[in-house]
Amino acid sequence: MKSIEEMMAMAQNVQAELQKAQEGLDTIEVEGAAGGGMVKVRASAKGRIIGVEIDDSLMQPSEKQMLEDLIAAAINDARTKADLAANEAMSKMTSGIPLPPGFKLPF
């Protein structure tokens with residue numbers, strides 16, 4: 001049986017590893033797209049929007065509503081991909097951390 005001090009040290013190590021893993025999420029990039037790739041949004045796995053690309057053909061006043069819808073769809077696609085990438089990365093990074101069975105990490 002481990003002492004309280006050993007358990008506290010383990011908890012601090014786990015917390016430090018999780019912090020490192022969270023920081024690493026900002027280096028993973030995903031790309032969301034809509035309109036067959038006419039609108040693309042790049043984001044980090046942490047959810048930070050890095051860039052937006054819009055096809056020139058959508059840059060007309062008559063296409064304003066469609067462009068707005070495509071931007072929203074591309075952002076949502078990027079967000080979904082960012083969440084998946086974050087969950088996958090965090091699972092890999094925490095696979096060696098001794099956690100109690102059924103313990104869920106706050107990603």
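- Look at E29 and R42 and you find a salt bridge, because one of the NZ, NE, NH1 or NH2 atoms lies within 4.0 Å of a carboxylate O, short of that distance.
- Residue D26 comes nearest to S44 through the heavy atom pair OD1-OG, 2.8 Å, listed as atom of the first residue, atom of the second, then distance.
- The cluster map of Ile, Leu, Val, Met, Phe, Trp and Tyr, joined by side-chain heavy atoms under 4.5 Å apart, puts I75 and V30 in different clusters.
- The two residues S57 and M38 make their nearest non-hydrogen contact at OG-CE, 3.0 Å.
- Two residues are said to be in side-chain contact when any heavy atoms from C-beta on lie closer than 4.5 Å; D55 and V39 fail this criterion.
- A distance of 10.0 Å separates OG1 of T27 from NZ of K46, quoted to the nearest 0.5 Å.
- Atom CE of residue M66 and atom CD1 of residue I71 lie 11.0 Å apart, to the nearest 0.5 angstrom.
- Between A45 and A85, the shortest heavy-atom distance links the atoms CB-CB, 4.1 Å.
- Atom CD in E88 sits 8.5 Å away from atom CD1 in I28 (nearest 0.5 Å).
- The distance from the CE atom of M8 to the CG atom of N13 is 11.5 Å, given to the nearest 0.5 Å.
- Checked by atom type and distance alone, the side chain of K81 pairs as donor or acceptor with a backbone atom of E31 at under 3.5 Å.
- Contact check for I50 versus R48: side-chain heavy atoms found under the 4.5 Å cut-off.
- Atom CG in D83 sits 10.5 Å away from atom CG in L25 (nearest 0.5 Å).
- Looking at every heavy atom in both residues, A43 comes nearest to I49 through CB-CD1, 4.1 Å.
- Within 6.0 Å of CD on Q15 lie no more than 12 heavy atoms contributed by other residues, nucleotides or ligands.
- A 4.5 Å side-chain heavy-atom check between M59 and I54 finds at least one atom pair inside the cut-off.
- Not a single donor-acceptor pair under 3.5 Å links the side chain of D77 to the backbone N or O of A73.
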